[in-house]
Amino acid sequence: MTANLTLLVVIGVLTACGVYLILERAVSKMLLGLILFGNAVNLLILTAGGGDGKPPIRGETETETEDMADPLAQAMVLTAIVITMGVAAFVLALAYRAYMLTTTDDVANDQEDVDVARRRAREDPER
């Protein structure tokens, strides 16, 4: 099996952009990052599943299975698409609720976490 180099580069770029956006503070950027990362993983699974344009299943009399694509990869991608849509809807609902409560899209630092970090820094200055 040979993989398309262009497709692998696209997968790498989508993964990098998705991870970068997931690490942002804005919920909308996090959502875009999740969607990009999900699409990159779907493309990776399809690339690993078999060559382009090959049918997933052939007749039972066909003994040559080297030219067939793996149907499991296609089924996994269909399931992953549905899960990604569910996660996107959930994050959109969270973002809407957070915007209605705080009128901002940014995720703020939790004050308790900041206090614990300051206390730990005073107790152990080597960290």
Side-chain angles (χ1 to χ4, degrees):
M1 180 182 101
T2 61
N4 187 353
L5 182 63
T6 306
L7 189 57
L8 292 176
V9 169
V10 168
I11 292 169
V13 168
L14 281 175
T15 303
C17 291
V19 169
Y20 177 76
L21 286 173
I22 287 173
L23 297 175
E24 290 290 323
R25 288 297 221 176
V27 178
S28 59
K29 290 181 182 179
M30 286 183 213
L31 176 62
L32 287 174
L34 283 171
I35 291 171
L36 282 177
F37 189 74
N39 288 335
V41 170
N42 290 345
L43 283 174
L44 183 64
I45 292 171
L46 278 179
T47 302
D52 299 339
K54 295 181 181 172
I57 300 173
R58 291 197 179 157
E60 292 179 13
T61 60
E62 188 74 34
T63 58
E64 187 68 34
T65 60
E66 199 165 309
D67 289 338
M68 295 192 321
D70 188 12
L72 181 62
Q74 296 173 11
M76 287 176 62
V77 167
L78 285 174
T79 305
I81 289 170
V82 173
I83 291 170
T84 303
M85 284 177 35
V87 168
F90 180 68
V91 171
L92 276 175
L94 286 177
Y96 177 74
R97 180 69 177 157
Y99 182 77
M100 292 310 252
L101 291 175
T102 63
T103 65
T104 184
D105 190 26
D106 292 335
V107 177
N109 286 334
D110 186 23
Q111 189 59 38
E112 291 295 321
D113 288 340
V114 172
D115 293 342
V116 168
R118 285 184 188 149
R119 193 175 325 128
R120 179 172 279 173
R122 275 186 265 140
E123 292 172 1
D124 190 12
E126 292 179 5
R127 283 190 174 186

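Since this is a predicted model, take the numbers as computed values, not measurements.
In this structure, CG on Leu32 lies 13.0 Å from OH on Tyr20, to the nearest 0.5 angstrom. With values rounded to the nearest 0.5 angstrom, Leu14 atom CG is found 12.0 Å from Ile35 atom CD1. Annotation: the span from Asp106 atom CG to Glu24 atom CD amounts to 9.5 Å, rounded to 0.5 Å. Atoms CD and CD1, on Gln74 and Ile45 in that order, are 11.5 Å from each other to the nearest 0.5 Å. Rounding to the nearest 0.5 Å places CD1 of Ile11 at 11.0 Å from CG of Asn39. Taking CE of Met76 as the reference point, atom CD1 of Ile83 lies at 9.5 Å (rounded to 0.5 Å).
Taken together through direct or relayed side-chain contacts under 4.5 Å among Ile, Leu, Val, Met, Phe, Trp and Tyr, Val27 and Phe90 form parts of separate hydrophobic clusters. In the hydrophobic clustering of ILVMFWY residues, with side-chain heavy atoms under 4.5 Å counting as a link, Phe37 and Val9 come out apart. Put simply, Leu8 and Val13 are part of two different groups of oily side chains (I, L, V, M, F, W, Y) that touch within less than 4.5 Å, one to the next. Linking Ile, Leu, Val, Met, Phe, Trp and Tyr residues whenever their side-chain heavy atoms come within less than 4.5 Å places Met85 and Val41 in a single cluster. Side-chain heavy atoms closer than 4.5 Å link hydrophobic residues (I, L, V, M, F, W, Y) into clusters, and following such links, even through other members, never connects Val107 to Leu94.
For CD of Gln111, the number of neighbouring non-hydrogen atoms (other residues, nucleotides, ligands) closer than 6.0 Å is greater than 12.
Between Asp105 and Ser28, the shortest heavy-atom distance links the atoms OD2-OG, 2.7 Å. Minimum interatomic distance between Cys17 and Leu36 (heavy atoms only, all atoms of both residues): CB-CD1, 4.1 Å. Closest of all the heavy-atom pairs between Gly33 and Leu21 is CA-CB, 3.6 Å. Here the shortest heavy-atom pairing between Ile22 and Leu34 reads CG1-N, 3.8 Å. Summarising the geometry of Leu31 relative to Ala88, their closest heavy-atom pair is CD1-CA, 3.6 Å, with the distance given to 0.1 Å.
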**OP:** Evaluate the side chain to side chain contact (heavy atoms under 4.5 Å, CB included) criterion for residues Ile81 and Val77: first the C-alpha distance (whole Å), next the side-chain angles of each, then the deciding distance (0.1 Å), finally the verdict.
**Re:** CA-CA 6 Å; Ile81 289 170; Val77 167; 4.0 Å; yes
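Looking at Thr47 and Asn4, their side chains never come closer than 4.5 Å, going by heavy atoms from C-beta outward. Residues Tyr99 and Thr104 are not in side-chain contact: their nearest non-hydrogen atoms beyond the backbone lie 4.5 Å or more apart.
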